There are 4 protein chains.
Amino acid sequence: MILTAQREDKFRRILDAAVEAFAEVGYHQCQVSKIARLAGVADGTIYLYFKNKEDILIRLFQERMGDFIRDIRNLLQGRETTRARLMTIIETHFRNMEENLSLAKVTQLELRQSDLKIRTAINAPLKEYFRLIEEVIRSGIERGELAPVDVRIARQLIFGALDEATTDWIMARTKRSLLSESEEMLYLFEGALGLAREPRPRAGRGANPQRTADVSGKMNAGEGARA
Amino acid sequence: MILTAQREDKFRRILDAAVEAFAEVGYHQCQVSKIARLAGVADGTIYLYFKNKEDILIRLFQERMGDFIRDIRNLLQGRETTRARLMTIIETHFRNMEENLSLAKVTQLELRQSDLKIRTAINAPLKEYFRLIEEVIRSGIERGELAPVDVRIARQLIFGALDEATTDWIMARTKRSLLSESEEMLYLFEGALGLAREPRPRAGRGANPQRTADVSGKMNAGEGARA
Amino acid sequence: MILTAQREDKFRRILDAAVEAFAEVGYHQCQVSKIARLAGVADGTIYLYFKNKEDILIRLFQERMGDFIRDIRNLLQGRETTRARLMTIIETHFRNMEENLSLAKVTQLELRQSDLKIRTAINAPLKEYFRLIEEVIRSGIERGELAPVDVRIARQLIFGALDEATTDWIMARTKRSLLSESEEMLYLFEGALGLAREPRPRAGRGANPQRTADVSGKMNAGEGARA
Amino acid sequence: MILTAQREDKFRRILDAAVEAFAEVGYHQCQVSKIARLAGVADGTIYLYFKNKEDILIRLFQERMGDFIRDIRNLLQGRETTRARLMTIIETHFRNMEENLSLAKVTQLELRQSDLKIRTAINAPLKEYFRLIEEVIRSGIERGELAPVDVRIARQLIFGALDEATTDWIMARTKRSLLSESEEMLYLFEGALGLAREPRPRAGRGANPQRTADVSGKMNAGEGARA
DNA sequence: AATGAATGAGGGTTCATTCAT
DNA sequence: CATGAATGAACCCTCATTCAT
């Protein structure tokens with residue numbers, strides 16, 4: 001195992017190629033040779049850097065999820081209030097997905113395809129993300145900003161909502177912005193967690209419930225539902 | 001093509017066998033011959049009832065999801081308040097999963113493995129569920145019971161939270177009851193949707209945030225995280 | 001085994017259906033259920049009349065070839081000269097094929113698909129046809145009408161030429177008449193067998209070799225060649 | 001994709017193996033793994049060189065037929081008279097078959113099994129052979145050596161006779177030489193095409209029609225007829 | 001380290017045939 | 001006799017992985 005810059009580069013090229021390839025055709029449909037082609041290496045070279053196809057998916061997730069958690073941890077340093085922290089999580093989650101559509105597709109769709117072995121390997125970084133969310137909730141409770149909710153269940157709600165919103169967004173044909181949902185999502189979280197609510201940021205929201213009704217009047221046809 | 005009770009029975013036996021088989025080894029790892037063996041029919045018989053392996057998964061979901069939605073719609077008939085309706089959704093969702101662990105595994109894990117074709121086929125029943133949730137939210141808003149939240153996003157929160165809680169429960173080794181989370185989940189939904197909160201049903205909850213801390217103190221090790 | 005008229009009818013319907021089915025999609029591609037459908041009987045019924053799929057092909061050939069030989073034998077009764085007899089063979093062969101395109105396709109194309117077992121079974125009727133041709137040649141030699149050619153090889157030439165002309169005709173897109181080749185074919189046979197040649201029946205043939213040249217100038221493109 | 005001698009060799013080994021395998025058990029009965037075994041390669045290797053099983057049959061024919069036509073064209077260069085040219089065609093056709101019994105079996109029996117797709121692919125080389133025969137006939141007519149016969153029909157007679165003689169020979173149990181029929185075949189062709197006949201080469205032929213009678217006296221039992 | 005030709009296990013699906021009704 | 005649902009053997013091909021160069 002050499003760790004030269006060159007090797008590091010090839011490792012990254014394969015990972016980048018894999019993201020694109022998985023996102024395009026799906027993990028199971030994706031042939032290793034396709035990744036090799038996109039990465040500009042020979043098929044066999046893949047196996048100098050990865051144990052097998054499964055390993056690519058796992059390392060991919062670990063790598064990107066690790067980056068994501070590092071980012072979010074850094075951003076949380078500067079956030080004092082629980083509201084600011086929640087907004088940071090929401091926005092970073094959404095922005096990360098929005099800026100990496102391919103990665104988002106893999107994360108939301110392909111990773112769930114994997115069998116038990118893969119999901120087990122994926123466990124660690126995901127657990128880290130869960131822990132991070134739970135820490136925000138717990139400290140919020142301790143500081144009296146949040147109601148004494150069940151931390152695990154509250155985390156399930158937060159992660160589940162962000163995750164579902166992302167999947168919805170990927171499945172939707174109309175490419176509305178995911179980030180634009182952040183404020184409404186924060187509003188819901190505030191209520192769920194018993195955080196004293198700020199006045200609604202969007203003017204006219206309270207005054208115009210019809211708009212909301214209209215939107216949902218579309219009945220989610222073709223958009224909200226996972227296609 | 002006969003449509004006798006006998007034929008109906010064989011169709012169901014194959015579907016039941018498929019649920020067990022997919023839950024046990026996963027869709028991709030599952031051989032058609034395994035389903036046939038479990039169903040007590042010949043391999044070829046499968047293809048008298050289903051177009052192909054994929055079709056089994058699709059029909060399976062459509063069938064069971066259809067039943068589920070029918071159940072939930074029936075129960076909602078007798079519920080007048082939005083709170084009661086939300087509780088019905090939560091409990092029916094959780095009970096359904098808890099009573100059909102194999103089905104839950106397929107729904108939560110295997111169905112997400114499927115490629116675009118399968119997910120498209122799955123779309124209709126899932127959309128129907130989304131619509132149902134959104135109808136409860138919308139009517140709650142119209143009746144003044146809920147704050148004028150964005151219906152689509154609120155639905156994402158509700159479905160996402162239920163879905164994530166279920167996945168968590170399946171992945172967890174310790175088989176705590178999923179249904180027992182219903183009340184806390186309802187409590188969070190109430191806050192999120194601006195529903196006037198009932199006093200916490202569980203005595204001591206507010207008084208004992210430590211319990212929550214304990215639970216999360218486990219840091220989700222091997223439980224909360226998707227293994 | 002009953003031999004009522006009804007049974008006889010069903011036997012024939014299956015055979016007729018098989019001719020059409022084999023001609024349309026080929027023996028190997030043809031499913032037994034297709035024959036059953038065309039014959040208006042159940043799949044299983046086929047097996048009351050035939051041992052298996054192979055048996056259908058064999059009986060089909062035996063039946064039709066038997067009819068054909070009976071026809072040709074009857075016609076030969078009234079033909080005294082070897083020339084007339086040869087013409088009878090040529091015309092009956094061509095007319096038979098032309099009037100039963102489906103049968104011709106099976107005979108020329110599908111029957112040659114069969115494995116050794118089928119060809120062995122087909123042997124008897126084909127041998128009978130060979131014998132018939134050889135008898136005409138032999139008696140022609142004995143009566144001094146033909147040169148003392150090798151009977152077997154002469155038969156190979158006659159059957160081979162008729163067979164190849166038929167295959168050519170089937171493969172050709174342009175549906176020129178096969179029967180119209182009879183006279184030229186007879187002319188060639190006369191020469192080959194040393195039969196005193198009649199003056200060319202087609203006026204201008206000898207005088208206009210260019211026409212022939214023109215025709216062949218087409219180089220057989222798309223017609224003569226087996227497509 | 002390397003095109004080294006090594007690769008060329010493997011291509012040829014597979015082709016050779018296929019000829020033997022097809023000849024032995026027939027195209028449809030022949031498993032790809034049998035070809036692989038005979039060729040000394042893995043099953044999957046076949047698919048590096050051929051698109052599928054069908055492709056093996058097609059390429060096989062194109063390859064060998066191409067060689068055959070090249071051979072015959074070369075030999076025809078040195079033949080001035082139409083008689084010599086006809087003899088070249090007859091002898092090369094017969095010798096080629098006799099020296100490659102397996103190939104002959106495939107050509108005469110298996111290739112006719114193929115469905116439309118295969119026969120279409122086979123068209124080109126076969127047409128080339130037809131064209132070659134027709135060129136000999138046409139130039140013979142132009143040079144006044146042959147009667148002004150219909151070129152296409154004459155070609156059908158020549159190819160049909162050679163083809164039928166070959167099939168006969170393959171189906172026969174007694175392995176008389178095919179090549180030994182060349183002279184009699186030429187004799188018949190001479191007559192058919194109006195070529196001034198040479199005196200019969202085999203002494204006693206005219207004098208001993210009994211030999212012919214004897215042969216045919218066998219009534220083709222098990223020999224002449226396609227078994 | 002890099003290559004890519006070679007490997008060969010593995011499985012979904014078809015369809016001729018059977019047999020209970 | 002007739003049916004047609006059920007059977008299950010059989011096989012082509014893919015593609016992740018290896019290894020000689």
Side-chain angles (χ1 to χ4, degrees), chain A residues 1-2 4 6-7 10 28-37 39-56, chain B residues 1-4 6-7 10 14 28-37 39-56, chain C residues 1-2 4 6-7 10 28-37 39-56, chain D residues 1-4 6-7 10 14 28-37 39-56:
Chain A
M1 275 254 222
I2 55 168
T4 66
Q6 199 187 353
R7 180 177 172 86
K10 203 160 281 189
H28 275 104
Q29 309 300 327
C30 177
Q31 296 164 228
V32 171
S33 62
K34 182 191 179 85
I35 300 174
R37 194 167 2 96
V41 300
D43 289 19
T45 305
I46 301 267
Y47 291 85
L48 296 174
Y49 294 85
F50 299 90
K51 217 160 71 255
N52 49 36
K53 185 180 170 186
E54 208 170 53
D55 189 39
I56 302 176
Chain B
M1 274 250 228
I2 56 171
L3 283 164
T4 65
Q6 200 183 5
R7 184 177 170 85
K10 204 159 279 188
I14 295 171
H28 276 103
Q29 308 301 327
C30 177
Q31 297 167 226
V32 170
S33 61
K34 182 192 180 81
I35 299 175
R37 196 167 358 97
V41 300
D43 289 18
T45 304
I46 302 269
Y47 292 85
L48 295 176
Y49 295 85
F50 299 90
K51 222 164 60 252
N52 49 37
K53 187 181 169 187
E54 204 173 55
D55 190 41
I56 303 176
Chain C
M1 274 251 222
I2 55 169
T4 66
Q6 199 187 354
R7 181 178 171 84
K10 203 160 281 189
H28 275 103
Q29 308 300 328
C30 177
Q31 296 164 228
V32 171
S33 61
K34 182 192 180 84
I35 300 175
R37 193 166 3 94
V41 300
D43 290 18
T45 305
I46 302 266
Y47 291 85
L48 297 174
Y49 295 85
F50 298 90
K51 216 159 74 255
N52 49 36
K53 185 180 171 187
E54 209 171 53
D55 189 39
I56 303 176
Chain D
M1 274 257 222
I2 55 171
L3 283 165
T4 64
Q6 200 184 3
R7 184 178 169 85
K10 203 159 280 187
I14 294 172
H28 276 103
Q29 308 301 327
C30 177
Q31 297 166 229
V32 171
S33 61
K34 183 191 179 84
I35 299 175
R37 197 170 353 100
V41 299
D43 288 18
T45 304
I46 302 269
Y47 293 86
L48 296 176
Y49 295 85
F50 299 90
K51 223 164 59 253
N52 49 37
K53 187 181 168 186
E54 203 173 56
D55 190 40
I56 303 177

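Just so we're clear, the structure is a prediction, and the values are computed from it rather than from any experiment. So you know, we letter chains A, B, ... as the sequences are listed, proteins then strands, and number each from 1.
- A distance of 11.0 Å separates CD1 of A:Ile56 from NZ of A:Lys51, quoted to the nearest 0.5 Å.
- The separation between C:Ile35 atom CD1 and F:dG4 atom C1' is 16 Å, rounded to whole Å.
- Nearest heavy atoms, B:Ala39 versus B:Ile14: CB-CA, 3.9 Å.
- A:Lys34 is linked by a salt bridge (Lys or Arg N to Asp or Glu O under 4.0 Å) to A:Glu24, counting only residues two or more places apart in sequence or in another chain.
- In this structure, D:Phe50 places its CZ atom 12 Å from P of E:dA6, rounding to the nearest Å.
- Place C:Tyr49 and B:Val41 on DNA chain F by their nearest nucleotides, and C:Tyr49 ends up nearer the 5' end.
- The phosphate of E:dC15 has neither OP1 nor OP2 within less than 4.0 Å of any side-chain N or O from C:Lys34.
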**Asked** Once Watson-Crick and G-U wobble pairs under 3.5 Å are found, how is DNA chain F written in dot-bracket notation, 5' to 3', with | for any base paired to another strand?
**Response** .||||||||||||||||||||

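- Position along DNA chain E of the nearest nucleotide to D:Ile46 versus A:Ala42 favours A:Ala42 as the more 5'-ward residue.
- Taking both residues in full, the closest heavy atoms of A:Lys53 and A:His28 are given as NZ-O, 3.7 Å, listed atom of the first, atom of the second, then distance.
- Closest heavy-atom contact between D:Ile35 and D:Cys30: CG1-SG, 3.7 Å.
- Computed from coordinates, the B:Asp55 CG to E:dT13 P distance equals 10 Å when rounded to whole Å.
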**Request:** Heavy atoms under 4.0 Å is the rule here; annotate nucleotides 14-21 of chain F 5' to 3' with B where the base is hit, S where only the sugar-phosphate is, and - elsewhere.
**Result:** BSSBB---

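- Scanning both residues, B:Asn52 and B:Tyr47, for their nearest heavy atoms gives CA-CE2, 3.8 Å.
- Taking OH of A:Tyr49 as the reference point, atom NZ of A:Lys10 lies at 5.0 Å (rounded to 0.5 Å).
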